[in-house]
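Basis for what follows: all heavy atoms, side chains included, without hydrogens, waters or symmetry-related copies. Quick note on labels: first sequence line is chain A, next is B, and so on, each numbered from 1.
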Number of protein chains: 2
Amino acid sequence: MIQKPATIQDIARVAGVSPTTVSRVLTNPALVSERTREAVRHAIQSTGYRVNQAARNLRLQRANAVLVLVPNLGKPFYSGILAGISEGFAETDFSVLITDTETNPFHDSTLAENFLDGRIDGAVVLDGRLSASALDACTDVGAGERIVFLCEWIAGQDFPVITSDNAEGARLAIRHLHALGHRKIAHVTGPDGNVLTTARREAMLAERDRLDLPAPADWIIRGDFSVESGYAAAARIVAMDNRPTAVFCSADMVAFGLIAGLTEEGLRIPEDISVVGFDDIEMSGYSVPALTTIRQDRQQMGLRAAKVLLDRLGQKDRDETAETPVPVELIVRASTAPPPGA
Amino acid sequence: MIQKPATIQDIARVAGVSPTTVSRVLTNPALVSERTREAVRHAIQSTGYRVNQAARNLRLQRANAVLVLVPNLGKPFYSGILAGISEGFAETDFSVLITDTETNPFHDSTLAENFLDGRIDGAVVLDGRLSASALDACTDVGAGERIVFLCEWIAGQDFPVITSDNAEGARLAIRHLHALGHRKIAHVTGPDGNVLTTARREAMLAERDRLDLPAPADWIIRGDFSVESGYAAAARIVAMDNRPTAVFCSADMVAFGLIAGLTEEGLRIPEDISVVGFDDIEMSGYSVPALTTIRQDRQQMGLRAAKVLLDRLGQKDRDETAETPVPVELIVRASTAPPPGA
DNA sequence: GTCGATTATGAAATCGATTTCATGATTAGA
DNA sequence: TCTAATCATGAAATCGATTTCATAATCGAC
């Protein structure tokens, strides 16, 4: 037999006080005398009472929830980030909602609507393809201050963004290859228009220039962060007359695809071609060969995004300024070596 | 200047009707005459009004949200499943909350509390380690009918569970290896006590027996679905006097770790040892060598879990019976071949 | 012993929706 | 034309919390 959950009125009755007093015990116990406080606490214990969130949220005009907008939940890259975000909110009583912008055809208008619905208090956006109008809509409803970008961001917009030091990562990769003796370095990019693509590619180009290395146009191969695009890039590279001796990939998955493709064509990694990735996903230490890559601390990034958002929601002491990029690290493994004949 | 969001009272005023009528237009338009209906609709359009969820949920005594309990959000294995779940709820107006049971130290009691809080209407549980008492608590608050298990489950409990045909997967793997000529087949298991571990191991053992294959005890190597455990298993295998010619791994990640370890020890895959995985994650087609594995349609499983839960929440026509396991498929790639000397 | 300050408590309003019940207007049937 | 059914609408109660404002009780100071 299931009885309805106890309400604050029930507790008041059991404890012999008014609902007002019960509420005070819940939110500001100092206002209540020790005797009554204990009586109320006891009543709460014995009934297993819990505050009804809908009622509290309605009265307090808030949602007690945040939304995470993920471009494609299916991509393993996001799992570590989600873990970090989840961890960041675990100690608060915020609920964490998740939406896949790929699955949800209306995600664009959805964001502002979620604020308006009173469904969420804030949002962590991992998708750099959000339209400016969708963001304007959020600003219009007064939610502009409660949006934080993570990993990706939108050029020209002024939201806080937690991101890795993408440029430094690209530089580290190129310098590592250069130090090994490589002079012919190619790059498989991310998708066009993506801010990460740009950041990594531009830094890579700049560093290659700085080192006075050759820069034929076809050494910049368009990819999209997917393993398939890496595989496709392999065919392009094999077909080149002037073949690079090393390839910096915009993501580990791309590197794996590339290595698979090159291996199929009879090239050996790293003896014939060196490959560097970006991300350091779980697998990267155990691929064959183990992948040299740029580590992004994804969990840390998620955690920081959570902190920054909490800060903006007024839940956190203002310690988290968070505008400096999260440091990256070069992890040298077995997929890079001096070029052939060096 | 940010004005407060419009309420149903505002709409009523603008349209010159009572809030009652506005509410009816929203939820049961047939009750309202065409003229007023249009007037109300117009008022809603022009103000950008949206229903306040907290108010509606309070009145309707529901949460309009479901919780997904994930053992470890950081594991890429779950990303596809989450995508499926998210997709399954995308067309409804349920919010999808996600909690990582690893991060959240109190997840055990949390589940029932979330129901009691009125925070969720239902839950999808991916963690087979939930305590019986936690589940009993849910049943006590009348939520027992609104919990669905996915992938894992809890032995002896009677909740609906969406799962792959794990036993069939194990059989397919063993039969494939047997057909290639392998007679010495080892297995790296999942973690102790896990229902998936048991299902796969027992089916593997039964099939091996059925085929009259040898079964030395040390060919069953304890793992935990992680890449590290696969790597560790490699050392064990290399050290064996009577070495198997093929290994069936309880997860693709385990297989990758195993391949990495065996390769380091100078063994060639598949020439010296064949390896079969389980899951068919995104990478598996592009590892070196490409992994022969058992495909689980993770997105499909998530989608089905969502449907079954929606059904139980009374949102869906009762079409989704969902007790038959989701089919698995053998994907033959390059990591398996006839045994040496065959 | 009296007065102002402090402390402890409760009655009632409020948040924004939904729904019951009542009422007036309209239509159909005889 | 009169009655009964149907239709369209609104007033007010309700969901379960929080908070303002008022009041009663206690305290310390003079």
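- Within a 6.0 Å radius of CG in Asp158(B), no more than 12 heavy atoms belonging to other residues, nucleotides or ligands are found.
- For the side chain to side chain contact (heavy atoms under 4.5 Å, CB included) with Leu150(B), the qualifying choice from Val70(B), Val161(B), Val124(B) is Val124(B), the only one to do so.
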Side chain to side chain contact (heavy atoms under 4.5 Å, CB included) between Ile98(B) and Leu82(B), intermediate numbers included: CA-CA 9 Å; Ile98(B) 298 200; Leu82(B) 288 180; 3.7 Å; yes
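- Taking each heavy atom of Phe115(A) and Arg146(A) in turn, the nearest pair found is CD2-NH2, 3.6 Å.
- Nucleotides of DNA chain D that come within less than 4.0 Å of any heavy atom of chain B span, from the 5' end to the 3' end, dA8(D) to dG16(D).
- Mapping Ser33(A) and Arg50(B) onto DNA chain C by nearest heavy atom places Ser33(A) closer to the 5' end of the strand.
- Note on Thr7(A): only backbone sugar-phosphate atoms sit closer than 4.0 angstrom, heavy atoms only; bases stay farther off.
- As judged by a 4.0 angstrom heavy-atom cut-off over every strand, Thr20(B) is placed among the base-contacting residues.
- What you find for Pro71(B) and Thr101(B) is that their closest heavy atoms are CA-OG1, 3.1 Å.
- One end of the helix from dG1(C)-dC30(D) to dA30(C)-dT1(D) points its axis 40° away from the other end's axis, with each axis taken from 5 pairs and the angle rounded to 10°.
- Considering every non-hydrogen atom in both Pro5(B) and Asp10(B), the closest pair reads O-OD2, 4.2 Å.
- Annotation for Ile147(A) and Cys138(A): closest pair CD1-CB, 3.7 Å, computed over non-hydrogen atoms.
- Positionally, the nearest nucleotide of DNA chain D for Ser18(B) lies more toward the 5' end than for the other of Ser18(B) and Ile8(A).
- Heavy atoms of Val22(B) sit nowhere under 4.0 angstrom from any nucleic acid atom.
- By the neighbour-count criterion of 12 heavy atoms within 6.0 Å, atom CD of Glu145(A) is sparsely surrounded, having that number or fewer from other residues, nucleotides or ligands.
- When heavy atoms are screened at a 4.0 angstrom cut-off, Val17(B) is found touching the sugar-phosphate backbone but no base atom.
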